[in-house]
Amino acid sequence: MNAMKFKSLPVLLSALWFSAPAQALDATSVVEQLAQESYAKRKPMLDRANAAAQARGLTIEALGRACSLMPIRVGAVLTGQAPVEKKSQACLEAQLGLQSGTLAPLLTPPVRWHAGAIYRLHEAVEVYGPAIQRYFTEHFGDTILSAIDFSIHVEETKGSHGERRIRIIFDGKALPYSDDEGWTPLTR
């Protein structure tokens, strides 16, 4: 396969990804729908910025060097996966030959398909879930945490070195599993 075919592969894959949004909406979660809507709002500016970079022959490395950013950060901004900060916005607009304010819609953080926060919550439950279940059993008997009668509180705290920390409190009813009495045969 020649180099030209390899260069067009990402374009083809992108076209395939975005060509079936109606089908995707039926099979996606709310987070994925919000991410698609967020991306759709950002896409016109992303298209303009990326077209300008291509027209000027600017790589993410060149843009990063010019704006004192790491290339991956510039790439994340230009793929819609990270917000542009105000100080970087002006530099990127100047480098790309865009009118001042063109990239303003990219200032707000995007809703990401696989957000780090969601991934880390899954990871925390996967890693610590068995220990949490053991604690439940030791303190409450054969019990689970109900997510029906439930609330979540999120707050900021300070760590031992003064760093910002996040505390998440899951507040749910201790819901016991059925005991033998619930498993007796029905009499007819």
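Predicted, not measured: the structure shown is a model, and the values here were computed from it.
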What distance separates [X] [atom1] from [Y] [atom2], expressed to the nearest 0.5 Å?
| X | Y | atom1 | atom2 | value |
| --- | --- | --- | --- | --- |
| S88 | E93 | OG | CD | 11.0 Å |
| Q36 | Y39 | CD | OH | 11.5 Å |
| H122 | R120 | NE2 | CZ | 12.5 Å |
| E61 | I72 | CD | CD1 | 9.5 Å |
| T143 | K173 | OG1 | NZ | 11.5 Å |
| L96 | R56 | CG | CZ | 7.0 Å |

Quick check: is [Y] connected to [X] through a chain of hydrophobic side chains (ILVMFWY, heavy atoms under 4.5 Å apart)?
| X | Y | value |
| --- | --- | --- |
| L145 | L121 | yes |
| F140 | Y177 | no |
| V154 | V125 | no |

- Query: Taking 4.0 angstrom as the limit, do R165 and E156 come out as a salt bridge?
  - Reply: no
- Decide, yes or no, whether a salt bridge links E138 with R134 under the criterion of side-chain N to carboxylate O below 4.0 Å. yes
- Query: With no hydrogens and no angle check, do the side chains of Q89 and E85 hold a donor and an acceptor under 3.5 Å apart?
  - Reply: no
Close side-chain approach of [X] and [Y], heavy atoms under 4.5 Å:
| X | Y | answer |
| --- | --- | --- |
| R42 | P105 | no |
| L103 | L92 | yes |
| P83 | V77 | no |
| I152 | I168 | yes |

Look at the side chain of [X] and the backbone N and O of [Y], then say whether any donor-acceptor pair between them is shorter than 3.5 Å.
| X | Y | result |
| --- | --- | --- |
| N50 | L78 | yes |
| S38 | L34 | no |
| T102 | L98 | no |

- Query: Of all heavy-atom pairs between P44 and A40, which one has the smallest distance, and what is that distance?
  - Reply: CD-O, 3.3 Å
- Could you tell me which non-hydrogen atom of L58 sits nearest to which non-hydrogen atom of A62, and how far apart they are? CD2-CB, 4.3 Å
- Could you walk me through whether L106 and L46 pass side-chain contact (heavy atoms from CB on, under 4.5 Å), step by step? CA-CA 8 Å; L106 304 180; L46 293 168; 3.9 Å; yes
- List the steps, then state whether side-chain contact (heavy atoms from CB on, under 4.5 Å) holds for E155 with I166. CA-CA 6 Å; E155 58 192 35; I166 300 168; over 6 Å; no
- Query: Just wondering, more than 12 heavy atoms not from R73 lying within 6.0 Å of its CZ?
  - Reply: yes
- Count the heavy atoms of every other residue, nucleotide or ligand shown that sit under 6.0 Å from CD of E163, and state whether that count exceeds 12. yes
- Task: Determine which pairs satisfy ring pair (Phe, Tyr, Trp, His ring centres under 6.0 Å) with at least one residue from residues 143-171, sequence neighbours left out, and list them in order.
- Result: F150-F170
- Message: Holding to salt bridge (charged side-chain N to carboxylate O under 4.0 Å, His left out), I want the full list of residues that pass it with D47, two or more places apart in sequence or in another chain.
- Response: K43
- Run the side-chain contact (heavy atoms from CB on, under 4.5 Å) check on R164 and K158 step by step: do they pass? CA-CA 5 Å; R164 293 175 74 194; K158 294 284 183 197; 3.9 Å; yes
